[in-house]
Protein chains: 2
Amino acid sequence: MYSQAAVSLTRSQAAPFAAAAEPAPTLRDLFKGQSAETLAAGEALFWEGDPAGQIFDVISGVLRVYRIMPDGRRAIMGFIHPGDVLGVSFQNRYLFTAEAVTEVKIRRFARSRFFGLINETPALRPQLFAILCDEMSAAQDQMLLLGRKNAEERVVSFLLSVHRKVGIGADIELPMSRLDMADYLGLTMETVSRMMTSLARRGLIALGARHTVTLRKLAALREIAGHDAEDEDIAAAPARRAVWPH
Amino acid sequence: MYSQAAVSLTRSQAAPFAAAAEPAPTLRDLFKGQSAETLAAGEALFWEGDPAGQIFDVISGVLRVYRIMPDGRRAIMGFIHPGDVLGVSFQNRYLFTAEAVTEVKIRRFARSRFFGLINETPALRPQLFAILCDEMSAAQDQMLLLGRKNAEERVVSFLLSVHRKVGIGADIELPMSRLDMADYLGLTMETVSRMMTSLARRGLIALGARHTVTLRKLAALREIAGHDAEDEDIAAAPARRAVWPH
DNA sequence: GCCGATTTGTAACAATGTGCAACACGCTCT
DNA sequence: AGAGCGTGTTGCACATTGTTACAAATCGGC
C-alpha cells in the first residue's frame, strides 16, 4: 500500500541471481548491519525540504508520507509498510514529510554509501531500477484513482490495495485514521466514513474493532474498484522481477 | 509539462562532468545516431500492455500518455514535450498508451542497448536516476493537484506548468484539446472551458487564437495555483543537476 | 472562400461530495 | 465504573462540478 517513494522489495528482489560469481546481495541486505530505531506514533522521520541524506528500511509499523499546501490542505502520497524502502527517489531534498502512523521500527542507511554501493555492485542496479519503476507504477494508479474514480471506487480501491499488501485472509487492518484515508483518497473524512458505512450496510464489508475491516465479497468489491487494484497480483507480478530490462 | 514517464534532459544533463577522463556522454547523445521518425497527430507510439522494448527521444511535437478504465474513462498521466525521453520507467510492459497530440518527430532506442550502456557507463547512471526522480516529483505534484486542488487551481497550475516548460514570454501554446486537458486535470471539458472563460473575464489570461493563451497577471495566477507550479524554477532547479546523490 | 465536421463555449439543471453540527462510540485515566 | 477526550458517524443544507442540450466558432478540405 503505497503510491509513492517506497516499494516492497520482498517481491522485487525475488529475481534469481544464481549466475553471479559471489552470492548476489539484495538491496535490503545492505540494511542488515544497521541498528534499528523506534519512532513513536505521530513522530516525523524527516520533513519535506530536509536534505535527503538517508534512506530507510521499514521493519515494522506504518508511515504516511505527505505534502501540505500553504493553506493547510494535506495530500498523503502514500502509506509505507514493513518491507518497503523509503527515501530513495530524491536528488537533493526530500519532497514530502514522512510521519509514523503507528509505532515504527526502521533502519537508516546513508545515501552516499547507498549510491556508492550501487555504483560498485552491478547486481544492485536492477533492484534500484525496479524500486523506482514500482514507485512510478503506484503513482500512476493513484493518479487514475484521483482523477477519474468516484468516492466509492476510491475507498474500495484503497481497501483492496491494503488487502493485497498486508491482508490476512479476508481481514485487513487500517491503522490510519479516517482523515488520513481521506487525504490519501482526495476526499473528506465524512465521505470516507459514509462510503464505509454504505459498503457495510450492503454486506460487502464488515466493520470490526476500530481499525479492522473484513472484506466479505471480494468479487463484488473488485467489480466496483474497476479492473486494476487486486488483479495486479497476476498482471504485475512478472514486472516485479528485478532484472535489468533486456 | 509532464507528470509521468518522461523528463526533460535539457536541464538534467547540465551537470558538469568536466572531471571525467573522456568527454562525458549525456543520455540524449545516445540518440544522435538514430534515425528520426514522424507520427501523425492522433497516431499511437505504443499501447498500454505492449512489451516495453524501446525508449524514445522526442524531437518535436507533443504526445499524451494515458490509461483507460474498462468503462472508457480516461486519465492522462502527462504530456510529453521535445527534449523529454519517453518510456524509461518500465520493467516489462508499457503501463500507458502514448499518442501524438500534434505531428511528432521521435528517435527510438532499444531498451536492451540502453541499459547495456547504462551498465557500462558510470556517467550515465546519475542521469538515468535524475530522470526517474524528476518523473516521481512530477507525479507527486499531480497527485497533490488531483487530490486537493479545485477546478480553478488545477487549470491555473496547468497553465503555469506549460508556461514554465514551453512558454515564450507571456504566451503559451496549448496544442491539446479541452478534453485532453480535462482528462489530465481530473475535470470535464466543460469545467475547463468555464474556468478558462472565467480567468479571461477577470483579465488574468487572454484567449487568443484557438490554442494560444496569454498569461496577463503571472503573480495573481501563481497566487491561485498555490505555491509550487512556477516557483519550482528556483526551488527544483538545483535538484535537476544529474549528479549521483552524495 | 465556402461548407460540413469537429471542437469549444454557454446555460439550465442534476448529482455528487462537502461543510457543519450534533451525537455516538470506544479508549484511557483515575 | 465513570468522566473525558479523541475519533468516527450521521443528517441536512449547500456548493462545486458534472450532465445535457444547444449555439457559436474554428478547422480542414475542396
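The sequence lines fix the lettering, A, B, ..., with proteins before strands; numbering per chain opens at 1. Computed from heavy atoms alone, side chains included, the values below leave out hydrogens, waters and symmetry copies. What you see is a predicted model; the values in this text were computed from it and never measured.
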Exercise for review: Please figure out whether A:Leu207 or A:Arg148 has its closest DNA chain D nucleotide nearer the 5' end.
Suggested key: A:Leu207
Point to revise | Interatomic distance, A:His211 NE2 vs C:dC25 P [rounded to whole Å] | key: 17 Å
Check your understanding: Does B:Phe96 have its ring centroid less than 6.0 Å away from the ring centroid of B:Phe90?
Key -> yes
Revision key, fill the gap. Separation of C:dT10 atom C1' from B:Met196 atom CE, nearest Å, is 15 Å
Check your understanding: A:Met189 has an atom CE; how far is it from atom P of C:dC23, in whole Å?
Key -> 17 Å
Point to revise | Whole-Å gap separating P (C:dG17) and CG (B:Asn150) | key: 17 Å
Exercise for review: Ignoring backbone atoms, test whether A:Arg194 places a side-chain nitrogen or oxygen under 4.0 Å from the OP1 or OP2 oxygen of D:dT10.
Suggested key: no
Point to revise | Value in whole Å for how far the P atom of C:dG19 lies from CG of A:Leu179 | key: 12 Å
Review point. What's the NZ-C1' distance between B:Lys149 and D:dT16, to the nearest Å?
Key: 18 Å
Exercise for review: Identify the residue among B:Arg111, B:Arg108, B:Arg107 that makes a side chain to side chain donor-acceptor pair (under 3.5 Å) with B:Gln54.
Suggested key: B:Arg108
Exercise for review: Go through C:dG9, C:dT18, C:dT8 for me and flag the one nearest to the B:Ser193 side chain.
Suggested key: C:dG9
Study note, to complete from the structure: From CE of A:Met195 across to P of D:dG8 the rounded distance in Å is 17 Å
Check your understanding: Which of the following nucleotides, C:dG9, D:dT10, C:dT8, is nearest to the side chain of B:Thr197?
Key -> C:dG9
Check your understanding: Any side-chain N or O of A:Thr188 under 4.0 Å from OP1/OP2 of C:dT18?
Key -> yes
Check your understanding: Between C:dT8, D:dT9, D:dG18, which nucleotide gets closest to the side-chain atoms of A:Arg178?
Key -> D:dT9
Exercise for review: Please name the pair of heavy atoms, one in B:Pro82 and one in B:Gly61, separated by the smallest distance, quoted to 0.1 Å.
Suggested key: CD-O, 3.1 Å
Exercise for review: Hey, which sits more toward the 5' end of DNA chain D by its nearest nucleotide, B:Glu152 or B:Glu190?
Suggested key: B:Glu152
Check your understanding: In whole Å, what is the span from the CG atom of B:Leu174 to the C1' atom of C:dT8?
Key -> 13 Å
Point to revise | Closest listed nucleotide, where the reference is the side chain of B:Thr191 and the choices are D:dT17, C:dT18, D:dG8 | key: D:dT17
Review point. Would you say B:Ile224 and B:Glu153 make side-chain contact, with heavy atoms under 4.5 Å?
Key: yes
Practice item. Please test B:Arg202 against B:Ser198 for side-chain hydrogen bond (donor to acceptor under 3.5 Å, both in side chains), starting from the C-alpha separation and ending with a verdict. Key: CA-CA 6 Å; B:Arg202 290 183 281 156; B:Ser198 155; 3.2 Å; yes
